[in-house]
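Here is the structure we will look at, set down as structure tokens.
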4 protein chains.
Amino acid sequence: MRPGPRRKDARRNQQALLDAAATVFVASGVEAPVRDIAAEAGVGMGTIYRHFPTRADLIVAVYRHQVDACAEAGPALLASSRTPYAALEQWIDQFVDFLVTKHGLAGVLQSDNSGFEALHAYFLDRLVPVCGELLDAAVESGEVRRDLADLGGLQLMRGVGNLCVGASNDPSYDARRLVAVLIAGLRRPAG
Amino acid sequence: MRPGPRRKDARRNQQALLDAAATVFVASGVEAPVRDIAAEAGVGMGTIYRHFPTRADLIVAVYRHQVDACAEAGPALLASSRTPYAALEQWIDQFVDFLVTKHGLAGVLQSDNSGFEALHAYFLDRLVPVCGELLDAAVESGEVRRDLADLGGLQLMRGVGNLCVGASNDPSYDARRLVAVLIAGLRRPAG
Amino acid sequence: MRPGPRRKDARRNQQALLDAAATVFVASGVEAPVRDIAAEAGVGMGTIYRHFPTRADLIVAVYRHQVDACAEAGPALLASSRTPYAALEQWIDQFVDFLVTKHGLAGVLQSDNSGFEALHAYFLDRLVPVCGELLDAAVESGEVRRDLADLGGLQLMRGVGNLCVGASNDPSYDARRLVAVLIAGLRRPAG
Amino acid sequence: MRPGPRRKDARRNQQALLDAAATVFVASGVEAPVRDIAAEAGVGMGTIYRHFPTRADLIVAVYRHQVDACAEAGPALLASSRTPYAALEQWIDQFVDFLVTKHGLAGVLQSDNSGFEALHAYFLDRLVPVCGELLDAAVESGEVRRDLADLGGLQLMRGVGNLCVGASNDPSYDARRLVAVLIAGLRRPAG
DNA sequence: AATGAATGAGCATTCATTCAT
DNA sequence: AATGAATGAATGCTCATTCAT
């Protein structure tokens, strides 16, 4: 599936674009100029527009594999972990790993800039349900405070995502640690 | 201190600019075009540059009073609250109130965009020590986990700030609630 | 003559292109993007360039039949009409009918845009002599002012063509009526 | 009136732009790239946008004087000419003189391209009523065919304008002569 | 001191034309 | 022969910043 374009050169270019975009996104953020990405890929600008009509399409394509992997990890963790809360912790860890290595991605995810709707849509469609299920399960198991049952996967993810904004730039900011605190804050106080 | 410019008209302009910037920042975010701010203030663009050479200077000036108030609230809360943790909670509340009413401010605070260094510097110089003291006191009092003693005021503030990114735009995102969860996560598990 | 390409599929494509171009020309004008025409025809863009190296070639080919019909109508009308002037009137009518139903064609005909030379050439080669003969005959018959004998078929045709510019778009502009006035202006004042 | 910008350099630039635009319009038509006009004027592109936010604004400004002169000539000619038809003839002559010296202007006037609405509006607002009055007067005087009473100033002007399309490029095309034929066609056949 | 006109780099986007497949 | 992917010049437009007035 997803065989991509038929022609060999087109496939090669598409891959070159994905690689180039990933590189440039890391260096300059996901809002880097189209020209830069084209140059990095060694293709003309038109080629980007052919393969990825909007910037969001490109971003989605660049991160699709990782988003999919993250989405699929949710049920697996729920099945294999000791408790639902442990599964949630691990899943969030994975999500954070993903975000902090993507310069500026967290920022764009929060952006209300129209034109990123496809991006939002993809991330949310794939991940919010997974996150929501893990959260619900952890509420059911009594590990997470009942009053947070209505927080929802979306808000939790946005919170986690926000905590990761800017994390790639500044080594003094430890997004993982803060996320861990946030997740700890979900817990029902013992005793 | 800070007597401002000598001439009366210059002082008047400075105030007009601060008011105008505050208005425009709310409406269009802190990255609004310089021209818009000048127009709102009824002055020329050159005047902005004279008074506030960089955008960060303007932002700092616009929010100086509120930042100062926030800074001064820290010791007061520590003195008046039942416990250091309660003081920390209240102080964070106040900080969040400040951020979520400033469209885009939280975003700029995280931005690694050079040119906002003065802004970062001011916020951090004023608020980080206060936040750090509250956190330390709450660690000392045993309310906050000892292993978070080295988290530091800066990281905590950045975390809180990040959670507020985009909160002004989207009513479905409740930054205050997520911050509350984060602060709850600082607590030593009871029992 | 004009047997077209040897291979059957090439001939089929050529016809598909002519049909597609006619359709797209009506919808979007004769300067429509090549890609659109190719898409309408269901062929690749390269195929257009193979069959019709320049846009003008394509336009000429699309309208060849009608231009030819118009050219052939001239002598016929001259033979069958009551007077040469009547023949001229009818022939111009036919020419106008042709132009006003071709969105943008009249405009391109006037365009000095190099690249349309082939188009100009074809139209003029075929039609100017016909128009000229009709005009001459009407001068000879005394119906048209003698001082217009040297106007020539070319100028008359360009005038008529110009009067048709934009006629397809705007229903409030009645090209036929204005052309009729122009042709009436050729007449020798009675009495 | 119309003193233009206050500052001397701004006035100088505005005039430079009008001159440059007139020059470039003649050389490359009224759709010439903004960059070219700016270069010809020796100013930055932003300066064009400041003075003339849309292309139509620039075109109108370039030709305003001449359009106004043309509009004002109508009543004067009606008063001074021997007959209304003679006034119409002379007025049309003046209008044609204007158009044929403006490369591409006649074309744009016919263009249905949105973005030229301001241009259309100005030309039509100023000239159509004048043309209409002259036409009406010539109908009243019995010089022009009564059945053309409802032709209207707009259609007549569009016809004349169309006859001028491309006249600047091609010396073999005599727009003035064809317009004269058209106007002759308005006449009531003598006898 | 204030003004706001001018600058021009920067960016997105389109589309005719070429040429590898 | 056909395809359609790739190219990249061309163009419009914005806005931070400078500087003549």
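Note on naming: letters A, B, ... go to the chains in the order of the sequence lines (proteins, then strands), and numbering restarts at 1 for each one. Side-chain atoms are counted along with the backbone in the values below, which use heavy atoms only and exclude waters and symmetry mates. As the structure is a prediction and not an experimental result, all values here were calculated from the model.
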Starting from the 5' end of DNA chain E, give me the residue, P33(A) or P33(C), whose nearest nucleotide shows up first.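 Looking at the nearest nucleotide for each, P33(A) comes out on the 5' side.
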First of G44(D) and V34(A) reached from the 5' end of DNA chain E, by closest nucleotide: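 Result: G44(D).
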Output the pairing pattern of DNA chain E as a dot-bracket string, 5' first, Watson-Crick or G-U wobble with both distances under 3.5 Å, | for cross-strand pairs, [ ] for crossing pairs. .||||||||||||||||||||
Rounded to whole Å, how long is the line connecting atom [atom1] of [X] with atom [atom2] of [N]?
X      : N       : atom1 : atom2 : answer
I37(B) : dC15(F) : CD1   : P     : 12 Å
R11(B) : dA2(E)  : CZ    : C1'   : 16 Å
L17(C) : dA1(F)  : CG    : C1'   : 13 Å
D9(A)  : dT3(F)  : CG    : C1'   : 11 Å
F52(A) : dA5(F)  : CZ    : C1'   : 14 Å
D36(A) : dC11(E) : CG    : P     : 7 Å
D57(B) : dT17(F) : CG    : P     : 12 Å
M45(A) : dC15(E) : CE    : P     : 14 Å

For I48(A) and P53(B), find the nucleotide of DNA chain F closest to each by heavy atoms; which residue's nucleotide sits nearer the 5' end?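 Nearer the 5' end of the strand: I48(A).
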Y49(D) vs G46(B), nearer the 5' end of DNA chain F by closest nucleotide: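 Of the two residues, Y49(D) wins.
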Between L58(B) and H51(B), is the side-chain contact (heavy atoms from CB on, under 4.5 Å) condition met? List the steps. CA-CA 8 Å; L58(B) 178 57; H51(B) 286 286; over 6 Å; no
Polar side-chain contact R35(B)-dG4(E) base: donor and acceptor under 3.5 Å: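 Absent.
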Please confirm whether the shortest side-chain N or O distance from [X] to OP1 or OP2 of [N] is below 4.0 Å.
X      : N       : answer
R55(B) : dT17(F) : no
H51(A) : dA6(F)  : yes
T47(A) : dA5(F)  : no
N13(A) : dA5(F)  : no
R50(A) : dC15(E) : no

Can you list the steps and then say if D36(B) with E40(B) is a side-chain contact (heavy atoms from CB on, under 4.5 Å)? CA-CA 6 Å; D36(B) 293 357; E40(B) 173 77 25; over 6 Å; no
If you compare all heavy atoms of A16(B) against all heavy atoms of A41(B), which two are closest, and at what distance to 0.1 Å?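 Closest pair (atom of A16(B), atom of A41(B), distance): O-CB, 3.9 Å.
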L119(B) and A56(B): which non-hydrogen atoms are nearest, and at how many Å?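 So the two residues come closest at N-CB, 3.7 Å.
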Scan V62(C), L18(C), V34(C) and name whichever one has a side-chain contact (heavy atoms from CB on, under 4.5 Å) with F52(C).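 The residue from V62(C), L18(C), V34(C) that satisfies side-chain contact (heavy atoms from CB on, under 4.5 Å) with F52(C) turns out to be L18(C).
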Students often get this wrong, so: under 4.0 angstrom with heavy atoms, is R12(B) touching a base, only sugar-phosphate, or nothing?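 Answer is nothing: R12(B) stays at 4.0 Å or more from every strand.
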Mind telling me whether F25(D) and Y63(D) have parallel, tilted or perpendicular rings, with 30° and 60° as the class edges?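 Geometry flag for F25(D) against Y63(D): tilted rings.
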In Å and rounded to the nearest 0.5 Å, what is the CD to CG distance from Q15(A) to L17(A)?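 The CG atom of L17(A) is 9.5 Å from CD of Q15(A), to the nearest 0.5 Å.
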Side chains of D57(A) and Y122(A): is there a donor and an acceptor less than 3.5 Å apart?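 The criterion, which ignores hydrogens and geometry beyond distance, is not satisfied for Y122(A) and D57(A).
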